[in-house]
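Bear in mind that the values here come from a model prediction, so they are computed numbers and not experimental data. Within every chain, numbering begins at 1; the chains are lettered A, B, ... in the order of the sequence lines, protein sequences first and strands thereafter.
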Amino acid sequence: MAQFRATVVVTLQPDVLDPAGDATAQVLRHMGYRVADVRIGKSIEVRLEAEDRAEAQALAHKMAASLLANPVMETFSVQVEEL
Amino acid sequence: MRVAVVTFPGSNCDDDTVRALTALGVSPVRVGHRAQDLSTVDAAILPGGFSYGDYLRGGALAAQAPVIESLRAEVASRQLPVLGICNGFQILAEARLLPGALRPNRQGTFRSAWQTIRVTRASPLFWGLEEGELLRLPIAHGEGAYYLPPGQLAAVFGNDQAWLQYVSEDGLLHTEANPNGSVANLAGVIVGSVAGLMPHPERAMADYLGSADGARLLQAWLSGISRRDGHAR
């Protein structure tokens with residue numbers, strides 16, 4: 001068994017309103033930045049054991065699809081690195 | 001009649017819900033989030049609160065609790081009536097026992113307010129609640145904007161799952177009556193024996209509290225259960 005770190009990035013689907021992102025965009029514009037859009041997501045780091053990288057990737061993907069993200073309104077990406 | 005009230009770590013409307021049921025003549029059964037046998041109860045309520053601190057998403061962590069698997073089995077095998085209030089609604093959506101999801105309010109703030117709620121579809125689960133009836137109920141939530149993926153709204157209305165909607169005081173459906181950005185002003189949905197709503201009926205049990213319409217809604221649910229099961233309560 002090897003140790004891996006999976007980084008799961010969860011974001012709202014593009015058509016889902018993001019009130020926190022909108023408020024942040026407004027403040028950035030107030031500060032003088034020409035900002036078109038801000039979307040706020042979550043970055044979740046999971047340390048896990050797996051036989052190999054492919055298994056770690058598959059396990060992290062399952063965790064993301066079943067709990068870390070809600071596919072009804074969110075999308076996610078998974079990146080795995082060996083420790 | 002045995003009605004279970006489920007307490008998760010972080011539930012905070014469980015006591016109010018127990019009191020409300022007691023006031024309506026039912027002795028509730030208190031159940032913890034690890035409960036695995038619900039075969040002897042006639043119905044269950046998931047109360048409001050902040051289960052698991054609303055970490056990750058409201059209701060997401062609670063949806064994985066053992067009691068939810070028990071509920072899922074009882075709903076599938078004998079159509080156990082389940083009512084999710086506020087956080088309980090979020091949990092049922094996260095558990096996919098109800099369609100859609102509850103996302104943060106459009107305003108980006110917690111909303112605590114009295115709302116007028118229209119019964120859009122009558123249901124045998126709530127016996128005596130008539131279609132078009134207006135209820136005055138309080139809301140108190142930060143993640144209460146009901147969301148459905150594109151294309152699902154028509155199915156929810158077409159399958160008689162669109163149960164409650166936020167309306168103006170005179171009963172009109174318009175965007176200004178929408179307190180949180182819910183799609184189609186939806187405040188509650190029903191699928192089979194499972195119902196969920198964001199407003200708090202247990203906080204509207206008497207006129208001196210602002211409204212007794214919550215008692216009316218809960219009584220209708222209890223009547224629906226009694227009639228279904230042939231209980232003489």
May I ask you to name which of Gln64(B), Arg96(B), Glu94(B) has the most heavy-atom pairs under 4.5 Å with chain A? Arg96(B)
Nearest 0.5 Å please: distance from the OG atom of Ser123(B) over to the CG atom of Leu129(B). 9.0 Å
What's the spacing between Leu61(B) CG and Asp54(B) CG if we round to 0.5 Å? 9.5 Å
Do the side chains of Ile91(B) and Phe8(B) get nearer than 4.5 Å, heavy atoms only? yes
Using a 4.5 Å cut-off on heavy atoms from C-beta on, say whether the side chain of Gln13(A) contacts that of Met73(A). no
Among all residues two or more places apart in sequence or in another chain, which pass the salt bridge (charged side-chain N to carboxylate O under 4.0 Å, His left out) test with Glu69(B)? Arg72(B)
For Arg103(B), check salt bridge (charged side-chain N to carboxylate O under 4.0 Å, His left out) against everything at least two apart and list the hits. none
Side chain, backbone, both or neither: which part of Ile44(A) has a heavy atom under 4.5 Å from chain B? side chain
Residue pairs passing the ring-ring contact (aromatic ring centres under 6.0 Å, His included) test where at least one lies in residues 28-71 of chain A, sequence neighbours excluded: His61(A)-Phe76(A)
Who among Leu12(A), Asp18(A), Asp15(A), Asp22(A) has the most heavy-atom pairs with chain B under 4.5 Å? Asp15(A)
For chain B, the option from Asn70(A), Leu68(A), Val16(A) that forms the most heavy-atom pairs under 4.5 Å: Asn70(A)
Filtered by a 4.5 Å non-hydrogen cutoff, the part of residues 133-169 of chain B contacting chain A is Tyr147(B), Pro149(B), Pro150(B)
Asp52(A) side chain to Glu55(A) backbone, donor-acceptor under 3.5 Å: yes
